[in-house]
Amino acid sequence: MPDHVQKRGVFVVLEGCDRTGKTTQCKALVDMLTAAQMPVKYFNFPDRSTQCGQLINGYLTGKDEFTDEGIHLLFTLNRWERMKEMEKLLKNGTNLIVDRYSYSGVAFSSAKGLDMEWCKAPETGLLKPDLVLLLTMSMEELAKRGGFGDERYEVPEMQRKVIERYGMLKDDRYWKEVNVEKKFDDVTIELYNEVLRVVEQSADKPLEKLW
(Lines give C-alpha, C1' and ligand atoms only; values in the text may rest on other atoms or scores of the structure.)
Protein backbone atom coordinates (compact mmCIF):
# COMPACT_ATOMS: atom_id res chain seq x y z
CA MET A 1 0.00 0.00 0.00
CA PRO A 2 1.44 3.43 -0.90
CA ASP A 3 2.52 5.63 2.01
CA HIS A 4 0.00 8.35 1.14
CA VAL A 5 -2.98 6.00 1.56
CA GLN A 6 -4.35 6.60 5.03
CA LYS A 7 -4.68 3.53 7.19
CA ARG A 8 -7.93 3.16 9.05
CA GLY A 9 -8.26 3.07 12.82
CA VAL A 10 -8.84 -0.18 14.68
CA PHE A 11 -11.96 -1.04 16.63
CA VAL A 12 -11.22 -2.57 20.05
CA VAL A 13 -13.91 -3.67 22.52
CA LEU A 14 -13.46 -4.52 26.21
CA GLU A 15 -15.99 -7.04 27.49
CA GLY A 16 -16.48 -8.94 30.74
CA CYS A 17 -18.73 -9.22 33.76
CA ASP A 18 -19.71 -6.17 35.76
CA ARG A 19 -16.99 -4.62 37.96
CA THR A 20 -14.05 -6.28 36.16
CA GLY A 21 -12.52 -2.83 35.57
CA LYS A 22 -13.50 -2.38 31.92
CA THR A 23 -14.17 1.36 32.13
CA THR A 24 -10.99 2.24 34.03
CA GLN A 25 -8.90 0.03 31.74
CA CYS A 26 -10.49 1.63 28.66
CA LYS A 27 -9.56 5.06 29.93
CA ALA A 28 -6.01 3.94 30.78
CA LEU A 29 -5.66 2.55 27.24
CA VAL A 30 -6.90 5.82 25.75
CA ASP A 31 -4.29 7.69 27.81
CA MET A 32 -1.48 5.37 26.63
CA LEU A 33 -2.50 5.61 22.97
CA THR A 34 -2.78 9.39 23.25
CA ALA A 35 0.70 9.55 24.79
CA ALA A 36 1.96 7.47 21.83
CA GLN A 37 0.38 10.09 19.52
CA MET A 38 -2.11 7.60 18.10
CA PRO A 39 -5.56 9.12 17.36
CA VAL A 40 -8.08 7.53 19.70
CA LYS A 41 -11.63 7.98 20.93
CA TYR A 42 -13.50 6.29 23.78
CA PHE A 43 -17.07 5.02 23.47
CA ASN A 44 -19.16 3.13 25.99
CA PHE A 45 -22.40 1.20 25.73
CA PRO A 46 -25.00 1.73 26.85
CA ASP A 47 -24.47 5.38 25.92
CA ARG A 48 -26.78 6.92 28.52
CA SER A 49 -26.57 10.40 26.94
CA THR A 50 -28.94 9.61 24.05
CA GLN A 51 -32.75 9.49 24.30
CA CYS A 52 -32.62 5.73 24.03
CA GLY A 53 -29.79 5.64 26.60
CA GLN A 54 -31.88 7.55 29.11
CA LEU A 55 -34.59 4.88 28.89
CA ILE A 56 -31.93 2.21 29.43
CA ASN A 57 -30.55 4.09 32.45
CA GLY A 58 -34.02 4.20 33.99
CA TYR A 59 -34.29 0.44 33.57
CA LEU A 60 -30.82 -0.39 34.91
CA THR A 61 -31.28 1.74 38.01
CA GLY A 62 -34.68 0.16 38.71
CA LYS A 63 -36.83 3.21 37.94
CA ASP A 64 -38.47 1.76 34.80
CA GLU A 65 -39.66 -1.64 33.65
CA PHE A 66 -39.50 -3.20 30.17
CA THR A 67 -39.96 -6.74 28.89
CA ASP A 68 -36.69 -8.66 28.40
CA GLU A 69 -37.24 -8.44 24.64
CA GLY A 70 -37.96 -4.69 24.80
CA ILE A 71 -34.86 -3.78 26.79
CA HIS A 72 -32.70 -5.94 24.51
CA LEU A 73 -33.93 -4.02 21.47
CA LEU A 74 -33.30 -0.70 23.24
CA PHE A 75 -29.70 -1.73 23.91
CA THR A 76 -29.34 -2.70 20.24
CA LEU A 77 -30.83 0.59 19.04
CA ASN A 78 -28.41 2.42 21.34
CA ARG A 79 -25.50 0.88 19.38
CA TRP A 80 -27.06 1.64 16.00
CA GLU A 81 -27.42 5.28 17.10
CA ARG A 82 -23.61 5.66 17.13
CA MET A 83 -22.69 3.48 14.16
CA LYS A 84 -22.29 6.15 11.44
CA GLU A 85 -20.09 8.25 13.73
CA MET A 86 -17.94 5.25 14.64
CA GLU A 87 -17.49 4.17 11.02
CA LYS A 88 -16.49 7.70 9.97
CA LEU A 89 -13.90 7.94 12.75
CA LEU A 90 -12.39 4.56 11.88
CA LYS A 91 -12.13 5.43 8.19
CA ASN A 92 -10.44 8.71 9.12
CA GLY A 93 -7.74 6.84 11.04
CA THR A 94 -9.04 7.17 14.61
CA ASN A 95 -8.73 4.11 16.85
CA LEU A 96 -11.83 3.29 18.91
CA ILE A 97 -11.66 1.88 22.44
CA VAL A 98 -15.17 0.73 23.31
CA ASP A 99 -16.49 -0.24 26.74
CA ARG A 100 -19.03 -3.06 26.08
CA TYR A 101 -20.68 -3.85 22.77
CA SER A 102 -23.10 -6.30 21.13
CA TYR A 103 -21.58 -9.26 22.98
CA SER A 104 -22.73 -7.83 26.31
CA GLY A 105 -26.22 -7.38 24.92
CA VAL A 106 -26.43 -10.95 23.67
CA ALA A 107 -24.73 -12.44 26.76
CA PHE A 108 -26.98 -10.66 29.28
CA SER A 109 -30.24 -11.15 27.37
CA SER A 110 -29.62 -14.83 26.65
CA ALA A 111 -28.57 -15.30 30.31
CA LYS A 112 -32.09 -14.10 31.19
CA GLY A 113 -33.53 -16.87 29.03
CA LEU A 114 -33.97 -15.31 25.59
CA ASP A 115 -32.90 -17.33 22.54
CA MET A 116 -29.32 -16.44 21.63
CA GLU A 117 -29.95 -16.36 17.87
CA TRP A 118 -32.95 -14.05 18.42
CA CYS A 119 -30.68 -11.78 20.49
CA LYS A 120 -27.99 -11.69 17.77
CA ALA A 121 -30.39 -10.94 14.90
CA PRO A 122 -30.93 -7.16 15.45
CA GLU A 123 -27.17 -6.72 15.98
CA THR A 124 -26.42 -8.18 12.53
CA GLY A 125 -24.79 -5.58 10.31
CA LEU A 126 -23.24 -3.51 13.09
CA LEU A 127 -19.49 -2.94 12.76
CA LYS A 128 -17.39 -5.92 13.78
CA PRO A 129 -14.49 -5.21 16.17
CA ASP A 130 -10.93 -6.01 15.16
CA LEU A 131 -10.25 -7.16 18.71
CA VAL A 132 -12.38 -8.15 21.70
CA LEU A 133 -10.55 -8.16 25.04
CA LEU A 134 -12.50 -10.30 27.53
CA LEU A 135 -11.60 -9.35 31.11
CA THR A 136 -12.04 -12.26 33.51
CA MET A 137 -11.82 -12.86 37.25
CA SER A 138 -13.24 -15.32 39.75
CA MET A 139 -16.75 -14.79 41.14
CA GLU A 140 -15.23 -14.48 44.61
CA GLU A 141 -13.05 -11.57 43.53
CA LEU A 142 -15.88 -10.02 41.55
CA ALA A 143 -18.17 -9.91 44.58
CA LYS A 144 -15.49 -8.06 46.58
CA ARG A 145 -15.30 -5.21 44.06
CA GLY A 146 -16.53 -1.81 45.20
CA GLY A 147 -20.03 -0.97 43.97
CA PHE A 148 -20.93 -4.56 43.07
CA GLY A 149 -24.68 -4.98 43.47
CA ASP A 150 -25.58 -1.35 42.71
CA GLU A 151 -27.41 -2.21 39.49
CA ARG A 152 -30.00 -4.77 38.53
CA TYR A 153 -27.77 -7.45 36.98
CA GLU A 154 -25.03 -7.36 39.61
CA VAL A 155 -25.90 -10.60 41.37
CA PRO A 156 -23.56 -13.63 41.36
CA GLU A 157 -26.02 -16.08 39.75
CA MET A 158 -26.63 -13.73 36.81
CA GLN A 159 -22.92 -12.99 36.38
CA ARG A 160 -22.13 -16.75 36.25
CA LYS A 161 -24.66 -17.19 33.45
CA VAL A 162 -23.18 -14.21 31.61
CA ILE A 163 -19.67 -15.74 31.80
CA GLU A 164 -21.07 -18.95 30.26
CA ARG A 165 -22.66 -16.98 27.41
CA TYR A 166 -19.42 -15.11 26.72
CA GLY A 167 -17.81 -18.53 26.35
CA MET A 168 -20.38 -19.42 23.69
CA LEU A 169 -19.80 -16.14 21.80
CA LYS A 170 -16.00 -16.19 22.03
CA ASP A 171 -14.20 -16.43 18.71
CA ASP A 172 -10.47 -17.08 19.11
CA ARG A 173 -9.74 -15.44 15.75
CA TYR A 174 -10.31 -11.99 17.25
CA TRP A 175 -10.97 -12.49 20.98
CA LYS A 176 -8.31 -12.45 23.69
CA GLU A 177 -9.09 -13.46 27.27
CA VAL A 178 -7.19 -11.48 29.93
CA ASN A 179 -7.25 -12.40 33.62
CA VAL A 180 -7.41 -9.18 35.65
CA GLU A 181 -6.54 -10.64 39.06
CA LYS A 182 -3.16 -8.88 39.05
CA LYS A 183 -1.81 -5.35 39.35
CA PHE A 184 -3.89 -2.83 37.43
CA ASP A 185 -0.88 -1.42 35.55
CA ASP A 186 0.25 -4.90 34.50
CA VAL A 187 -3.19 -5.54 33.03
CA THR A 188 -3.09 -2.20 31.18
CA ILE A 189 0.28 -3.02 29.60
CA GLU A 190 -0.97 -6.45 28.52
CA LEU A 191 -4.06 -4.86 26.93
CA TYR A 192 -1.99 -2.12 25.29
CA ASN A 193 0.33 -4.67 23.68
CA GLU A 194 -2.69 -6.51 22.29
CA VAL A 195 -3.99 -3.24 20.80
CA LEU A 196 -0.60 -2.49 19.19
CA ARG A 197 -0.56 -6.00 17.71
CA VAL A 198 -3.97 -5.53 16.12
CA VAL A 199 -2.99 -2.08 14.78
CA GLU A 200 -0.16 -3.81 12.94
CA GLN A 201 -2.43 -6.54 11.59
CA SER A 202 -5.71 -4.79 10.84
CA ALA A 203 -5.07 -1.19 9.74
CA ASP A 204 -4.89 -2.25 6.07
CA LYS A 205 -7.93 -4.54 6.17
CA PRO A 206 -11.49 -3.47 5.30
CA LEU A 207 -14.05 -3.00 8.06
CA GLU A 208 -16.30 -6.00 8.54
CA LYS A 209 -19.86 -6.42 9.83
CA LEU A 210 -21.17 -8.57 12.67
CA TRP A 211 -22.69 -11.99 12.13
Side-chain angles (χ1 to χ4, degrees), residues 11-31 40-89 94 96-116 118-129 132-137 139 142-166 169 180 210:
F11 177 12
V12 178
V13 171
L14 271 68
E15 288 282 7
C17 283
D18 293 322
R19 306 294 167 179
T20 48
K22 293 180 298 301
T23 302
T24 41
Q25 286 293 358
C26 278
K27 290 177 178 175
L29 275 177
V30 168
D31 289 345
V40 61
K41 186 170 172 63
Y42 168 73
F43 282 83
N44 70 300
F45 292 105
D47 177 353
R48 303 187 197 209
S49 69
T50 69
Q51 282 183 302
C52 182
Q54 286 167 23
L55 290 172
I56 292 169
N57 185 60
Y59 171 82
L60 289 174
T61 53
K63 296 186 187 77
D64 297 312
E65 287 297 329
F66 293 96
T67 63
D68 290 341
E69 293 85 353
I71 193 63
H72 180 77
L73 293 173
L74 281 176
F75 271 98
T76 301
L77 174 60
N78 192 236
R79 287 182 272 279
W80 281 106
E81 285 180 299
R82 305 304 301 273
M83 216 36 46
K84 279 188 178 177
E85 180 188 357
M86 290 169 69
E87 186 171 12
K88 185 177 179 183
L89 285 164
T94 300
L96 303 187
I97 302 296
V98 181
D99 182 357
R100 289 198 183 284
Y101 194 55
S102 297
Y103 314 99
S104 282
V106 174
F108 277 83
S109 291
S110 61
K112 290 189 284 183
L114 296 181
D115 177 74
M116 185 175 273
W118 184 91
C119 294
K120 286 166 77 172
E123 311 274 339
T124 303
L126 287 169
L127 289 172
K128 178 184 173 184
V132 178
L133 294 164
L134 181 64
L135 308 191
T136 62
M137 62 165 43
M139 288 307 305
L142 205 61
K144 292 178 195 171
R145 289 284 172 118
F148 186 80
D150 287 354
E151 289 192 345
R152 156 182 321 243
Y153 296 141
E154 291 177 357
V155 291
E157 184 185 357
M158 179 65 175
Q159 298 292 324
R160 281 193 191 92
K161 289 179 181 176
V162 169
I163 291 169
E164 287 173 12
R165 297 315 190 278
Y166 275 131
L169 290 166
V180 296
L210 272 184

Worksheet item: What is the distance from atom CD1 of I71 to atom CZ of F75, rounded to the nearest 0.5 Å?
Response: 5.0 Å
Practice prompt. Scan K161, K120, M116 and name whichever one has a side chain to side chain contact (heavy atoms under 4.5 Å, CB included) with S110.
Written response: M116
Fill in: Partners passing side-chain hydrogen bond (donor to acceptor under 3.5 Å, both in side chains) against E87 (at least two apart in sequence or in another chain)
K91
Practice prompt. Measure across P122 and T76 and return the closest heavy-atom pair with its distance rounded to 0.1 Å.
Written response: O-CG2, 3.3 Å
Worksheet item: Can you check whether S104's main-chain N or O pairs, donor with acceptor, with E15's side chain at less than 3.5 Å?
Response: yes
Worksheet item: Between K41 and F43, is NZ or CZ placed under 6.0 angstrom from the six-membered ring centre and within 45° of the ring axis?
Response: yes
Worksheet item: Just wondering, do L74 and F66 contact through their side chains at under 4.5 Å, heavy atoms?
Response: yes
Worksheet item: Between I163 and C17, what is the shortest heavy-atom contact and its length?
Response: CG1-SG, 3.1 Å
Practice prompt. Might you point out which heavy atoms bring M158 and A111 nearest each other, and give the distance in Å?
Written response: CE-CB, 4.0 Å
Worksheet item: Between T136 and Y166, is any side-chain donor less than 3.5 angstrom from a side-chain acceptor?
Response: no
Worksheet item: When rounded to the nearest 0.5 angstrom, what is the spacing between CG in N57 and SG in C52?
Response: 11.5 Å
Fill in: For R82, all residues meeting side-chain hydrogen bond (donor to acceptor under 3.5 Å, both in side chains), sequence neighbours excluded
D47, E85
Discussion item. Tell me which pairs pass salt bridge (Lys or Arg N to Asp or Glu O under 4.0 Å) where either residue lies in residues 22-31, with sequence neighbours left out.
Written reply: none
Worksheet item: Between atom CZ of F45 and atom CD of E81, what is the distance when rounded to the nearest 0.5 Å?
Response: 9.0 Å
Practice prompt. Please report the closest heavy-atom contact between V30 and Y42, naming both atoms and the distance.
Written response: CG2-CB, 3.9 Å
Worksheet item: Can you say whether the rings of Y101 and Y103 are parallel (under 30°), tilted (30 to 60°) or perpendicular (over 60°)?
Response: tilted
Worksheet item: Could you give the distance from NZ (K128) to CG (L126), rounded to the nearest 0.5 Å?
Response: 13.5 Å
Worksheet item: Between S109 (side chain) and V106 (backbone), is there a donor-acceptor pair under 3.5 Å?
Response: no
Worksheet item: Between CG of L60 and CG of L55, what distance do you get to the nearest 0.5 Å?
Response: 11.0 Å
Worksheet item: Are R48 and I56 side-chain neighbours, meaning at least one heavy-atom pair lies under 4.5 Å?
Response: no
Worksheet item: Is there a donor-acceptor contact under 3.5 Å from the side chain of H72 to the main chain of C119?
Response: yes
Discussion item. Just so I know, are the side chains of L96 and L89 near enough to count as touching, which here means a heavy-atom distance under 4.5 Å?
Written reply: yes
Item to complete: Kindly compute the distance separating CG (D99) from CG (N44), expressed to the nearest 0.5 Å.
Response: 5.5 Å
Worksheet entry | Min side-chain heavy-atom separation L210-S102 under 4.5 Å | yes
Worksheet item: Does the side chain of T50 pick up a donor-acceptor pair with the side chain of N78 at under 3.5 Å?
Response: yes
Discussion item. Would you say that F108 contacts R165 through its side chain, given a criterion of any heavy-atom pair below 4.5 Å between the two side chains?
Written reply: no
Item to complete: Answer yes or no: is there a side-chain heavy-atom contact under 4.5 Å between R100 and L14?
Response: no
